[in-house]
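The residues of the chain are indexed from 1 along the displayed sequence.
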Amino acid sequence: MADSKLSGLQLNNVTKAFRKLVAVDDLTLHVPRGSMFGLLGANGAGKTTTLRMVLSILRPDTGTITWDGEPISSIARSRFGYLPEERGLYPKMKAGEQLVFLAGLNDIGSTEANRRAREWLGRVGLGGEWGRKVEELSKGNQQKVQVLAALIHDPDLMLLDEPFSGLDPINTEILRETLLQRRDQGRTIIFSSHRLEQVEELCDHVAIIHRGRLLTSGPLSTLKKQSGRALVELGFKLPVDSAPALDTFINGLGHDTHVVRERRTDSIRIELRDGLTPENVLQAALASGPGEIKRF
């Protein structure tokens with residue numbers, strides 16, 4: 001059995017069944033404090049059930065869940081923030097008023113709640129949307145308000161269920177930067193996803209679950225070494241019209257030597273195959289890449 005006194009979140013031999021369906025099966029997991037932790041698995045793997053047990057929305061049939069060694073049920077709910085997969089905003093309430101109301105439920109005074117709501121709405125590009133009803137916002141902006149509702153009370157632990165679902169690339173980047181800032185401030189963030197590239201890009205620790213059972217977990221760098229996969233990311237200072245140049249660079253690497261895992265307007269993430277090395281990629285980018293390299 002794992003050590004229940006470890007700092008952060010600890011699940012020990014946790015099982016949860018719904019009649020004959022075992023949603024989570026003898027799960028033991030450690031989420032270190034101050035980490036960005038990815039819970040990776042296909043739809044139906046048990047991710048949402050796990051998050052709900054951490055929040056005591058559901059109770060495990062067997063096993064224990066602790067935060068810094070204390071039973072999770074004894075921890076004040078205001079220390080946690082939750083973004084559910086099924087969004088839970090009040091559609092008729094104005095965006096700013098909704099954040100103030102939800103902050104108040106977590107013991108934040110009205111003056112401070114107003115200050116935080118205005119600050120956070122401004123940070124994510126919604127400074128002018130204070131007085132608009134949630135139902136009048138785009139789906140992406142509704143998602144941002146929902147994320148702010150999970151962090152406005154400054155929780156120690158944030159649990160985000162598929163937080164990037166429905167976001168366009170611009171809003172995805174805004175959310176990504178917001179989460180990284182929270183992690184850098186010492187907060188612990190767990191987010192579930194079925195998309196490997198999101199977990200690889202953001203997380204320093206990861207767990208992969210399948211049909212309720214843990215397949216593997218640990219620091220992402222260690223798991224990458226164990227898998228034998230080589231991933232390279234290149235960032236470019238690209239002009240707006242440089243997409244053809246990026247295509248030429250990718251095609252020049254050879255179709256059998258790599259798989260493009262993620263592509264943006266200013267960066268590309270590549271999985272290397274068949275002897276292609278990071279040095280080969282860098283040399284090709286310097287020789288005929290689409291622009292000045294800003295990171296590698």
How far apart are the closest heavy atoms of [X] and [Y], and which atoms are they?
X      : Y      : result
Pro155 : Ala150 : CG-O, 3.4 Å
Gly96  : Leu121 : CA-CD1, 4.1 Å
Ile209 : Ala45  : O-CB, 3.6 Å
Val145 : Ala95  : CG2-CB, 4.3 Å
Pro91  : Leu89  : CD-O, 3.3 Å
Asn13  : Thr28  : N-OG1, 2.9 Å

Heavy-atom side-chain proximity of [X] to [Y] below 4.5 angstrom:
X      : Y      : result
His30  : His205 : no
Phe37  : Leu29  : yes
Thr50  : Leu27  : yes
Arg33  : Trp67  : yes
Thr49  : Leu58  : yes
Val14  : Asp26  : no
Phe80  : His153 : no
Leu202 : Leu180 : yes

Is [X] linked to [Y] within one hydrophobic cluster, defined over Ile, Leu, Val, Met, Phe, Trp and Tyr using a side-chain heavy-atom separation of less than 4.5 Å?
X      : Y      : answer
Leu157 : Ile108 : no
Ile57  : Ile72  : yes
Val22  : Leu215 : no
Ile208 : Leu160 : yes

Main chain of [Y], side chain of [X]: is a donor-acceptor contact present, judged purely on distance under 3.5 Å?
X      : Y      : value
Lys144 : Val124 : yes
Asn114 : Ser110 : yes
Glu97  : Gly131 : no
Ser165 : Glu162 : no
Gln10  : Asp68  : no

From [atom1] ([X]) to [atom2] ([Y]), nearest 0.5 Å:
X      : Y      : atom1 : atom2 : answer
Arg183 : Thr188 : CZ    : OG1   : 11.5 Å
Lys47  : Leu159 : NZ    : CG    : 14.0 Å
His194 : Leu39  : NE2   : CG    : 13.5 Å
Leu83  : Met158 : CG    : CE    : 7.5 Å
Cys203 : Ile190 : SG    : CD1   : 10.0 Å
Leu21  : Arg211 : CG    : CZ    : 11.0 Å

### Task
Assess whether side chain to side chain contact (heavy atoms under 4.5 Å, CB included) is satisfied between Val134 and Gln98, documenting all intermediate values.
CA-CA 9 Å; Val134 169; Gln98 183 144 194; 3.0 Å; yes

### Query
How far apart are the C-alpha atoms of Thr48 and Asp161, what are their side-chain angles, what is the distance that settles it, and do they pass the side-chain hydrogen bond (donor to acceptor under 3.5 Å, both in side chains) test?
CA-CA 7 Å; Thr48 296; Asp161 202 349; 2.6 Å; yes

### Query
Got a sec: does the CZ of Arg59 have more than 12 other heavy atoms crowding it under 6.0 Å?
no

### Task
Evaluate whether atom CZ of Arg132 has more than 12 neighbouring non-hydrogen atoms of other residues, nucleotides or ligands under 6.0 angstrom away.
yes

### Task
Take Thr178 and Leu151 through the side chain to side chain contact (heavy atoms under 4.5 Å, CB included) test and state the conclusion after the steps.
CA-CA 10 Å; Thr178 299; Leu151 62 79; 3.9 Å; yes

### Task
Show the numbers, then the answer: is there a side chain to side chain contact (heavy atoms under 4.5 Å, CB included) between Phe191 and Leu40?
CA-CA 9 Å; Phe191 78 83; Leu40 183 65; over 6 Å; no

### Task
Might you work through the side chain to side chain contact (heavy atoms under 4.5 Å, CB included) test for Leu167 and Ile174, ending with a clear yes or no?
CA-CA 10 Å; Leu167 291 182; Ile174 291 173; over 6 Å; no

### Lys92 to Tyr90, cation-pi by 6.0 Å centre distance and 45° axis angle
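No, a cation-pi geometry is absent between Lys92 and Tyr90.
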
### Query
Could you walk me through whether Lys133 and Glu136 pass the salt bridge (charged side-chain N to carboxylate O under 4.0 Å, His left out) check?
CA-CA 5 Å; Lys133 295 179 180 178; Glu136 297 172 350; 5.2 Å; no

### Task
Report the residue from Gln185, Arg182, Arg79, Arg116 that forms a side chain to side chain donor-acceptor pair (under 3.5 Å) with Asp154.
Arg182

### Task
Decide yes or no on salt bridge (charged side-chain N to carboxylate O under 4.0 Å, His left out) for Lys94 and Glu129, but give the supporting numbers first.
CA-CA 8 Å; Lys94 295 176 182 178; Glu129 308 297 336; over 6 Å; no

